[in-house]
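Here the structure is a predicted model, which means the values were calculated and not measured. Letters A, B, ... are given to chains in the order of the sequence lines, protein chains preceding strands, and every chain is numbered from 1.
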2 protein chains.
Amino acid sequence: MPEILHRIGAKNSSPEQAYEALTTLDGLAGWWTEKTAGSTEVGGVIELRFEVGGFDMKVIQLDPAKRVRWEVVAGPPEWIGTNVQWDIHQNGEFTIVLFRHEGWREATEFMNHCTTKWGTFAVSLKQLLETGVGAPDPRDVRISDWH
Amino acid sequence: MPEILHRIGAKNSSPEQAYEALTTLDGLAGWWTEKTAGSTEVGGVIELRFEVGGFDMKVIQLDPAKRVRWEVVAGPPEWIGTNVQWDIHQNGEFTIVLFRHEGWREATEFMNHCTTKWGTFAVSLKQLLETGVGAPDPRDVRISDWH
(Lines give C-alpha, C1' and ligand atoms only; values in the text may rest on other atoms or scores of the structure.)
Protein backbone atom coordinates (compact mmCIF):
# COMPACT_ATOMS: atom_id res chain seq x y z
CA MET A 1 0.00 0.00 0.00
CA PRO A 2 1.23 3.54 -0.69
CA GLU A 3 2.96 5.23 2.21
CA ILE A 4 4.64 8.51 3.03
CA LEU A 5 8.18 8.49 4.43
CA HIS A 6 10.31 11.28 5.86
CA ARG A 7 13.64 11.62 7.66
CA ILE A 8 15.11 14.55 9.54
CA GLY A 9 18.11 14.89 11.82
CA ALA A 10 18.46 17.46 14.60
CA LYS A 11 21.81 18.60 15.98
CA ASN A 12 22.28 19.40 19.68
CA SER A 13 19.17 17.44 20.62
CA SER A 14 18.52 13.93 21.99
CA PRO A 15 16.13 11.00 21.44
CA GLU A 16 14.49 11.99 24.75
CA GLN A 17 13.79 15.52 23.48
CA ALA A 18 12.44 14.24 20.17
CA TYR A 19 10.20 11.79 22.03
CA GLU A 20 8.90 14.60 24.23
CA ALA A 21 8.07 16.71 21.16
CA LEU A 22 5.95 13.81 19.87
CA THR A 23 4.26 12.76 23.09
CA THR A 24 3.27 15.91 24.98
CA LEU A 25 0.66 18.54 24.10
CA ASP A 26 3.25 21.32 24.49
CA GLY A 27 5.70 19.45 22.27
CA LEU A 28 3.17 18.81 19.51
CA ALA A 29 1.96 22.42 19.71
CA GLY A 30 5.56 23.53 19.15
CA TRP A 31 5.96 22.10 15.65
CA TRP A 32 2.60 20.88 14.36
CA THR A 33 -0.37 22.95 15.44
CA GLU A 34 -0.94 25.30 18.36
CA LYS A 35 -4.48 23.89 18.63
CA THR A 36 -3.50 20.55 20.17
CA ALA A 37 -5.63 18.97 22.90
CA GLY A 38 -6.62 15.58 24.31
CA SER A 39 -4.63 12.75 25.88
CA THR A 40 -1.16 11.61 24.78
CA GLU A 41 -1.16 8.36 26.82
CA VAL A 42 -1.52 4.94 25.17
CA GLY A 43 -5.21 4.52 24.32
CA GLY A 44 -5.76 8.27 24.50
CA VAL A 45 -6.83 10.46 21.59
CA ILE A 46 -4.91 13.58 20.54
CA GLU A 47 -7.05 16.23 18.86
CA LEU A 48 -5.21 18.38 16.32
CA ARG A 49 -6.96 21.32 14.69
CA PHE A 50 -5.70 23.49 11.85
CA GLU A 51 -6.82 26.60 10.02
CA VAL A 52 -8.21 24.10 7.50
CA GLY A 53 -9.65 20.95 9.13
CA GLY A 54 -7.93 18.61 11.56
CA PHE A 55 -7.67 15.04 12.77
CA ASP A 56 -7.77 12.83 15.86
CA MET A 57 -4.90 10.44 16.54
CA LYS A 58 -5.35 7.48 18.87
CA VAL A 59 -2.08 6.62 20.60
CA ILE A 60 -1.30 2.95 19.84
CA GLN A 61 2.30 2.54 21.00
CA LEU A 62 4.77 4.49 23.12
CA ASP A 63 8.33 3.21 23.44
CA PRO A 64 10.21 5.99 25.27
CA ALA A 65 12.89 7.72 23.18
CA LYS A 66 12.38 5.12 20.43
CA ARG A 67 8.95 4.81 18.87
CA VAL A 68 5.55 6.52 18.76
CA ARG A 69 2.62 5.07 16.82
CA TRP A 70 -0.82 6.54 16.19
CA GLU A 71 -3.99 5.48 14.41
CA VAL A 72 -6.06 8.13 12.67
CA VAL A 73 -9.58 7.85 14.12
CA ALA A 74 -11.06 11.09 12.72
CA GLY A 75 -10.14 13.43 9.90
CA PRO A 76 -10.13 13.35 6.09
CA PRO A 77 -11.74 10.14 4.75
CA GLU A 78 -8.43 9.13 3.10
CA TRP A 79 -6.73 9.20 6.51
CA ILE A 80 -9.19 7.19 8.61
CA GLY A 81 -7.66 3.89 9.67
CA THR A 82 -4.16 4.82 8.48
CA ASN A 83 -1.22 4.78 10.89
CA VAL A 84 1.53 7.27 11.62
CA GLN A 85 4.75 5.97 13.12
CA TRP A 86 7.82 7.83 14.37
CA ASP A 87 11.13 6.05 15.00
CA ILE A 88 13.94 7.81 16.80
CA HIS A 89 17.64 7.03 17.09
CA GLN A 90 20.91 8.84 17.65
CA ASN A 91 23.49 8.92 14.84
CA GLY A 92 26.64 10.68 16.02
CA GLU A 93 25.80 14.33 16.62
CA PHE A 94 22.32 13.99 15.11
CA THR A 95 19.04 12.81 16.57
CA ILE A 96 17.36 11.06 13.64
CA VAL A 97 13.58 10.94 13.36
CA LEU A 98 12.04 8.58 10.81
CA PHE A 99 8.42 9.15 9.86
CA ARG A 100 6.00 6.75 8.19
CA HIS A 101 2.34 7.39 7.32
CA GLU A 102 1.12 4.00 6.14
CA GLY A 103 -2.11 2.32 5.11
CA TRP A 104 -3.16 4.71 2.34
CA ARG A 105 -5.63 2.89 0.15
CA GLU A 106 -4.60 4.72 -3.02
CA ALA A 107 -2.14 7.35 -4.20
CA THR A 108 -4.38 10.33 -4.95
CA GLU A 109 -3.43 13.98 -5.51
CA PHE A 110 -4.26 14.51 -1.83
CA MET A 111 -1.42 12.13 -0.99
CA ASN A 112 0.96 14.32 -3.02
CA HIS A 113 -0.22 17.27 -0.94
CA CYS A 114 0.07 15.45 2.38
CA THR A 115 3.60 14.27 1.57
CA THR A 116 4.85 17.81 0.98
CA LYS A 117 2.97 19.14 4.00
CA TRP A 118 4.30 16.40 6.32
CA GLY A 119 7.77 17.33 5.05
CA THR A 120 7.37 20.95 6.10
CA PHE A 121 6.17 19.81 9.54
CA ALA A 122 9.13 17.40 9.84
CA VAL A 123 11.46 20.34 9.14
CA SER A 124 9.46 22.33 11.71
CA LEU A 125 10.12 19.55 14.27
CA LYS A 126 13.84 19.72 13.46
CA GLN A 127 13.77 23.50 13.98
CA LEU A 128 11.97 23.10 17.31
CA LEU A 129 14.54 20.56 18.52
CA GLU A 130 17.50 22.66 17.40
CA THR A 131 16.34 26.18 18.25
CA GLY A 132 13.32 25.83 20.53
CA VAL A 133 11.09 27.44 17.88
CA GLY A 134 9.19 25.46 15.24
CA ALA A 135 6.64 26.54 12.65
CA PRO A 136 3.32 25.08 13.78
CA ASP A 137 -0.06 26.11 12.36
CA PRO A 138 -1.01 28.98 12.06
CA ARG A 139 2.64 29.93 11.41
CA ASP A 140 3.21 26.90 9.19
CA VAL A 141 4.78 26.89 5.71
CA ARG A 142 2.07 27.38 3.08
CA ILE A 143 2.62 25.12 0.09
CA SER A 144 -0.40 25.65 -2.17
CA ASP A 145 -4.11 26.46 -2.60
CA TRP A 146 -4.74 23.45 -0.35
CA HIS A 147 -2.88 25.23 2.41
CA MET B 1 6.62 -0.08 -6.33
CA PRO B 2 7.34 2.60 -3.77
CA GLU B 3 7.21 6.14 -5.08
CA ILE B 4 7.63 9.68 -3.81
CA LEU B 5 4.85 12.21 -4.44
CA HIS B 6 4.72 15.95 -3.89
CA ARG B 7 2.38 18.85 -4.70
CA ILE B 8 2.98 22.58 -4.56
CA GLY B 9 0.98 25.54 -5.86
CA ALA B 10 2.45 28.91 -6.82
CA LYS B 11 0.47 32.13 -6.85
CA ASN B 12 1.06 34.82 -9.50
CA SER B 13 2.79 32.35 -11.78
CA SER B 14 1.74 30.31 -14.85
CA PRO B 15 2.15 26.79 -16.25
CA GLU B 16 4.58 28.29 -18.80
CA GLN B 17 6.80 29.71 -16.04
CA ALA B 18 6.75 26.43 -14.09
CA TYR B 19 7.64 24.55 -17.29
CA GLU B 20 10.55 26.94 -17.91
CA ALA B 21 11.85 26.38 -14.37
CA LEU B 22 11.93 22.63 -15.10
CA THR B 23 13.31 22.68 -18.62
CA THR B 24 16.08 25.30 -18.75
CA LEU B 25 19.49 25.29 -17.08
CA ASP B 26 18.81 28.72 -15.58
CA GLY B 27 15.45 27.59 -14.29
CA LEU B 28 16.79 24.42 -12.67
CA ALA B 29 19.71 26.37 -11.18
CA GLY B 30 17.18 28.72 -9.59
CA TRP B 31 15.55 26.14 -7.30
CA TRP B 32 17.54 22.89 -7.36
CA THR B 33 21.29 23.32 -7.69
CA GLU B 34 23.43 26.13 -9.02
CA LYS B 35 25.73 23.50 -10.52
CA THR B 36 23.41 22.50 -13.39
CA ALA B 37 24.81 21.71 -16.84
CA GLY B 38 24.11 19.60 -19.93
CA SER B 39 21.22 19.50 -22.39
CA THR B 40 17.54 19.96 -21.49
CA GLU B 41 16.18 18.77 -24.87
CA VAL B 42 14.45 15.39 -25.29
CA GLY B 43 17.20 12.76 -25.37
CA GLY B 44 19.64 15.15 -23.70
CA VAL B 45 21.20 14.60 -20.29
CA ILE B 46 21.05 17.19 -17.50
CA GLU B 47 23.95 17.01 -15.05
CA LEU B 48 23.12 18.14 -11.53
CA ARG B 49 25.85 18.40 -8.92
CA PHE B 50 25.48 19.11 -5.21
CA GLU B 51 27.73 19.71 -2.24
CA VAL B 52 27.22 15.98 -1.62
CA GLY B 53 27.05 13.90 -4.84
CA GLY B 54 24.78 14.45 -7.82
CA PHE B 55 22.89 12.77 -10.64
CA ASP B 56 22.32 12.80 -14.39
CA MET B 57 18.78 12.99 -15.74
CA LYS B 58 17.99 11.93 -19.29
CA VAL B 59 15.07 13.92 -20.66
CA ILE B 60 12.40 11.42 -21.77
CA GLN B 61 9.34 13.59 -22.39
CA LEU B 62 8.59 17.29 -22.81
CA ASP B 63 4.99 18.43 -23.17
CA PRO B 64 5.13 22.24 -23.00
CA ALA B 65 3.47 23.75 -19.92
CA LYS B 66 2.10 20.29 -19.01
CA ARG B 67 4.59 17.50 -18.40
CA VAL B 68 8.31 16.85 -17.97
CA ARG B 69 9.71 13.35 -17.53
CA TRP B 70 13.28 12.25 -16.81
CA GLU B 71 15.10 8.96 -16.34
CA VAL B 72 17.94 8.82 -13.84
CA VAL B 73 20.99 7.53 -15.75
CA ALA B 74 23.69 8.26 -13.16
CA GLY B 75 23.71 8.91 -9.41
CA PRO B 76 23.04 6.91 -6.23
CA PRO B 77 22.51 3.18 -7.01
CA GLU B 78 18.95 3.36 -5.62
CA TRP B 79 18.10 6.03 -8.21
CA ILE B 80 19.46 4.46 -11.38
CA GLY B 81 16.62 3.53 -13.72
CA THR B 82 13.97 5.38 -11.69
CA ASN B 83 11.86 8.11 -13.28
CA VAL B 84 10.95 11.61 -12.20
CA GLN B 85 7.80 13.17 -13.62
CA TRP B 86 6.39 16.68 -13.23
CA ASP B 87 2.79 17.49 -14.16
CA ILE B 88 1.61 21.09 -14.34
CA HIS B 89 -1.87 22.60 -14.39
CA GLN B 90 -3.60 25.82 -13.41
CA ASN B 91 -6.16 25.79 -10.60
CA GLY B 92 -7.70 29.23 -10.20
CA GLU B 93 -5.01 31.60 -8.97
CA PHE B 94 -2.51 28.77 -8.41
CA THR B 95 -0.13 27.03 -10.76
CA ILE B 96 -0.07 23.45 -9.46
CA VAL B 97 3.00 21.28 -9.88
CA LEU B 98 2.66 17.56 -9.17
CA PHE B 99 5.86 15.58 -8.65
CA ARG B 100 6.39 11.83 -8.85
CA HIS B 101 9.65 9.91 -8.37
CA GLU B 102 8.75 6.35 -9.31
CA GLY B 103 10.43 3.01 -9.82
CA TRP B 104 12.11 2.68 -6.42
CA ARG B 105 12.91 -1.00 -5.87
CA GLU B 106 12.47 -0.81 -2.11
CA ALA B 107 11.58 1.67 0.62
CA THR B 108 14.90 2.16 2.43
CA GLU B 109 15.89 4.86 4.93
CA PHE B 110 17.44 6.68 1.97
CA MET B 111 13.95 6.96 0.47
CA ASN B 112 12.76 8.65 3.68
CA HIS B 113 15.61 11.13 3.26
CA CYS B 114 14.95 11.73 -0.43
CA THR B 115 11.24 12.34 0.20
CA THR B 116 11.93 15.10 2.70
CA LYS B 117 14.69 16.59 0.55
CA TRP B 118 12.52 16.57 -2.61
CA GLY B 119 9.89 18.37 -0.51
CA THR B 120 12.26 21.18 0.40
CA PHE B 121 13.21 21.55 -3.27
CA ALA B 122 9.53 21.57 -4.29
CA VAL B 123 8.98 24.44 -1.85
CA SER B 124 12.10 26.10 -3.30
CA LEU B 125 10.51 25.83 -6.77
CA LYS B 126 7.35 27.46 -5.42
CA GLN B 127 9.44 30.29 -3.94
CA LEU B 128 11.27 30.79 -7.23
CA LEU B 129 7.97 31.00 -9.14
CA GLU B 130 6.41 33.40 -6.66
CA THR B 131 9.33 35.65 -5.77
CA GLY B 132 12.06 35.01 -8.35
CA VAL B 133 14.34 33.60 -5.65
CA GLY B 134 14.50 29.91 -4.73
CA ALA B 135 16.80 28.00 -2.34
CA PRO B 136 19.02 25.84 -4.60
CA ASP B 137 22.17 24.06 -3.40
CA PRO B 138 24.41 25.39 -1.84
CA ARG B 139 21.72 27.60 -0.23
CA ASP B 140 19.33 24.67 0.18
CA VAL B 141 17.47 23.71 3.35
CA ARG B 142 19.58 21.28 5.42
CA ILE B 143 17.46 18.51 6.86
CA SER B 144 19.92 16.14 8.58
CA ASP B 145 23.39 14.55 8.76
CA TRP B 146 22.72 13.32 5.22
CA HIS B 147 22.53 16.91 4.08
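- For residues 30-39 of chain A, an interface with chain B (any heavy-atom pair closer than 4.5 Å) does not exist.
- Cluster annotation: Val42(A) and Leu22(A) are assigned to the same hydrophobic cluster (Ile/Leu/Val/Met/Phe/Trp/Tyr, side-chain heavy-atom contacts under 4.5 Å, transitive).
- Residue Ile8(B) holds its CD1 atom at 12.5 Å from NE2 of His113(A), rounded to the nearest 0.5 Å.
- Minimum heavy-atom separation, Arg7(A) to Asp145(B): NH1-OD1, 3.0 Å.
- Separation of atoms CD (Glu130(A)) and CZ (Arg142(B)) is listed at 12.0 Å; rounding is to 0.5 Å.
- Contacts between residues 60-81 of chain B and chain A, counted as heavy-atom pairs separated by less than 4.5 Å, involve no residue at all.
- For Phe99(B), the part lying under 4.5 angstrom from a heavy atom of chain A is the backbone only.
- Interface residue Glu109(B): backbone and side-chain heavy atoms are both found under 4.5 Å from chain A.
- For the pair Gly9(A) and Ser144(B), the tightest heavy-atom approach, listed with the atom from each and the gap, is N-CB, 3.3 Å.
- For the side chain to side chain contact (heavy atoms under 4.5 Å, CB included) with Leu5(A), the qualifying choice from Asn112(B), Thr108(B), Thr116(B) is Asn112(B), the only one to do so.
- Using a 4.5 Å heavy-atom threshold, the side chains of Lys126(A) and Val141(B) count as separate.
- With chain A as the partner, the residue from Leu98(B), Val97(B), Ile4(B), Val123(B) showing the most heavy-atom pairs under 4.5 Å is Leu98(B).
- Heavy atoms from other residues, nucleotides or ligands lying under 6.0 Å from CD of Glu20(A) number 12 at most.
- Hydrophobic cluster membership is shared by Leu25(B) and Leu128(B), with clusters built from Ile, Leu, Val, Met, Phe, Trp and Tyr side chains linked at under 4.5 angstrom.
- The cluster map of Ile, Leu, Val, Met, Phe, Trp and Tyr, joined by side-chain heavy atoms under 4.5 Å apart, puts Met111(B) and Val84(A) in different clusters.
- Residues Val59(A) and Phe121(A) share a single hydrophobic cluster, defined by chaining ILVMFWY side chains whose heavy atoms lie under 4.5 Å apart.
- Under a cut-off of 6.0 angstrom, the local environment of CG in Asn12(B) is sparse, with at most 12 non-hydrogen atoms contributed by other residues, nucleotides or ligands.
- Hydrophobic clustering, with ILVMFWY side chains joined whenever heavy atoms are under 4.5 angstrom apart, keeps Ile143(B) apart from Leu48(B).
- Neither the backbone nor the side chain of Thr95(B) comes within contact range of chain A, judged by heavy atoms closer than 4.5 Å.
- Each of Trp146(A), Phe110(A), Trp118(A) has some count of heavy-atom pairs under 4.5 Å with chain B, and the biggest count is that of Trp146(A).
- Counting non-hydrogen atoms of neighbouring residues, nucleotides and ligands closer than 6.0 angstrom, the CD atom of Glu93(B) reaches no more than 12 such neighbours.
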